[in-house]
There are 2 protein chains.
Amino acid sequence: MSRRSGILEFAVLGLLRESPMHGYELRKRLNTSLGVFRAFSYGTLYPCLKTLVANGWLIEEPGNTAEATAPLTGRRAKIVYRLTAEGKEHFEQLLSQTGPDAYEDEHFAARFAFFGQTSRDVRMRVLEGRRSRLEERLEKMRASLARTRERLDDYTLELQRHGMESVEREVRWLNELIESERAGRDLRGSATEGPAQQDTTSGAPGGLPRSGDEPRPDTPDDTAT
Amino acid sequence: MSRRSGILEFAVLGLLRESPMHGYELRKRLNTSLGVFRAFSYGTLYPCLKTLVANGWLIEEPGNTAEATAPLTGRRAKIVYRLTAEGKEHFEQLLSQTGPDAYEDEHFAARFAFFGQTSRDVRMRVLEGRRSRLEERLEKMRASLARTRERLDDYTLELQRHGMESVEREVRWLNELIESERAGRDLRGSATEGPAQQDTTSGAPGGLPRSGDEPRPDTPDDTAT
DNA sequence: TTCGTCATGTAATGGGTTACATGATTAC
DNA sequence: GTAATCATGTAACCCATTACATGACGAA
């Protein structure tokens with residue numbers, strides 16, 4: 001039962017819930033698809049996988065990756081990890097947690113990344129929790145700034161200002177998301193293969209208004225250790 | 001010569017260069033004034049101070065804090081740390097480094113916080129290095145997004161989009177700063193007590209256009225362990 | 001046949017937190 | 001006199017990285 005890192009364990013469980021994978025691929029997904037928030041090294045990932053197996057949440061299977069809908073690279077895998085029933089149950093239990101941990105930067109991002117498998121009410125609690133966390137932070141920053149403004153040089157001031165602006169921006173983002181959730185819109189379910197949706201109590205389609213970003217395929221690079 | 005954490009060591013040296021302080025106060029400054037980037041605990045700070053003393057960069061002095069221009073709280077201190085000549089020299093050497101480390105998130109923030117004591121050319125290199133670092137990151141995100149867009153659900157997509165937007169925003173901020181530096185504006189020198197400016201090769205005043213933020217003194221709170 | 005990437009691991013180390021232990025000083 | 005805050009420290013642990021070691025497979 002040795003308790004390993006919250007966020008890695010969570011993300012691994014979440015990714016494996018979508019489909020079985022081996023460690024190498026798992027790490028890539030962690031760093032790219034979900035890589036917005038965090039990059040983990042093998043030295044962290046493999047030991048973690050072991051303890052998850054030891055906990056009965058995963059099983060190791062030898063053999064080839066299914067590679068779902070598109071067998072792009074028919075590459076052979078050594079050890080494929082698959083979520084067990086207990087693993088699934090455990091993940092669902094983690095998903096339903098709304099404690100203060102879930103509002104911390106990295107933890108929040110991980111939670112958000114799996115909103116597609118999260119019930120609406122939990123989503124709301126997490127978003128609102130995050131928002132009030134940030135608002136607290138803003139209060140502190142404002143207070144501290146008011147106390148020390150004249151003692152600081154302009155660079156320090158500029159740094160603080162930029163920091164606050166970033167936080168304010170995230171609050172606005174959260175506001176939009178929360179409003180969107182409240183209005184009954186649901187961003188879930190547009191993925192290729194959707195694993196069992198547990199308790200969606202609505203279904204009105206239509207996403208958030210997208211700000212125009214247009215990515216182009218450029219340097220198809222990848223991080224290696 | 002045991003090498004302790006780069007950023008903490010750097011920040012401690014930088015703060016003590018401005019004026020001598022004891023550990024407790026140092027930590028507060030680290031968490032509030034410069035607290036935008038990082039909070040350290042005593043368990044990290046005190047051992048670090050010890051090794052800095054062992055390296056000959058600080059000396060411990062018993063006695064009262066000078067509290068500079070304003071003896072607001074005439075509070076007595078146990079151990080006041082003061083930068084030695086070697087410490088000053090070492091800090092200056094750290095300040096002049098422009099290696100790739102200086103472009104990482106936290107490290108960069110720490111560097112920026114001490115731009116007031118940094119020469120213009122180093123400032124430029126750090127800002128430009130940071131910018132190209134972020135641009136690389138953007139490329140990767142764009143590429144990864146282009147590769148995986150259709151496999152992702154809308155929440156994951158939204159998370160990526162927001163992440164990219166944040167990075168783009170920081171790039172724009174850096175652009176302004178760089179332009180400002182190039183134009184000869186210098187944000188340095190408006191602090192109450194300015195420690196020796198080493199090599200300013202310009203002096204045109206006038207800061208960056210400030211976006212309006214108006215802080216009010218609200219909850220004058222402080223983080224305690 | 002050699003290079004790149006896929007693939008799995010381990011040992012040493014780093015950098016930091018938490019919880020604890022201790023005590024002085026100030027405000028009420 | 002007691003609570004809050006100031007003030008300094010240590011030991012145990014946690015999470016993760018780095019560098020290393022190993023080897024299979026495909027493409028040039």
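Just so it is clear: chains get the letters A, B, ... in the order the sequence lines come, proteins before strands, and each one is counted from 1. Basis for what follows: all heavy atoms, side chains included, without hydrogens, waters or symmetry-related copies.
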Ignoring hydrogens and angles, state whether a donor on the side chain of B:His90 or B:Glu9 is under 3.5 Å from an acceptor on the partner side chain. yes
If only atom types and distance count, is the side chain of B:Tyr103 paired as donor or acceptor with the main-chain N or O of B:Thr98 below 3.5 Å? yes
To the nearest angstrom, how far is A:Leu26 atom CG from C:dT8 atom C1'? 13 Å
Nearest heavy-atom contact between A:Gln117 and A:Leu95 is O-CD1, 3.0 Å
Please check: side-chain N/O of A:Thr148 versus main-chain N/O of A:Arg151, any donor-acceptor pairing under 3.5 Å? no
Between the side chains of B:Lys78 and B:Glu60, is the shortest nitrogen-to-carboxylate-oxygen separation below 4.0 Å, so that they form an ion pair? no
Taking NE2 from A:His107 and P from D:dC15, how many angstroms apart are they, rounded to a whole number? 11 Å
Nearest whole Å is fine: how far is C:dG16 P from A:Glu106 CD? 14 Å
Can you check the A:Lys28 NZ to C:dT5 P distance for me, whole Å? 11 Å
Polar atom pairs between nucleotides 9-12 of chain D and protein, under 3.5 Å, N or O only, would you list them?
from: D:dG9; atom 1: OP2; to: B:Tyr81; atom 2: OH; distance (Å): 3.4
from: D:dT10; atom 1: OP1; to: B:Lys50; atom 2: NZ; distance (Å): 3.4

Just checking, any donor-acceptor pair under 3.5 angstrom between side chains of A:Trp173 and B:Glu158? yes
What is the distance, rounded to the nearest whole Å, between atom NE2 of A:His22 and atom P of D:dG23? 20 Å
Between D:dA24 atom P and A:Lys78 atom NZ, what is the distance in whole Å? 7 Å
Rounded to whole Å, please give me the gap between CZ in A:Arg27 and C1' in C:dT8. 13 Å
Below the 4.0 Å mark, does D:dA16 have OP1 or OP2 next to a side-chain nitrogen or oxygen of A:Thr44? no
Between C:dT10 (P) and A:Leu45 (CG): distance, integer Å: 12 Å
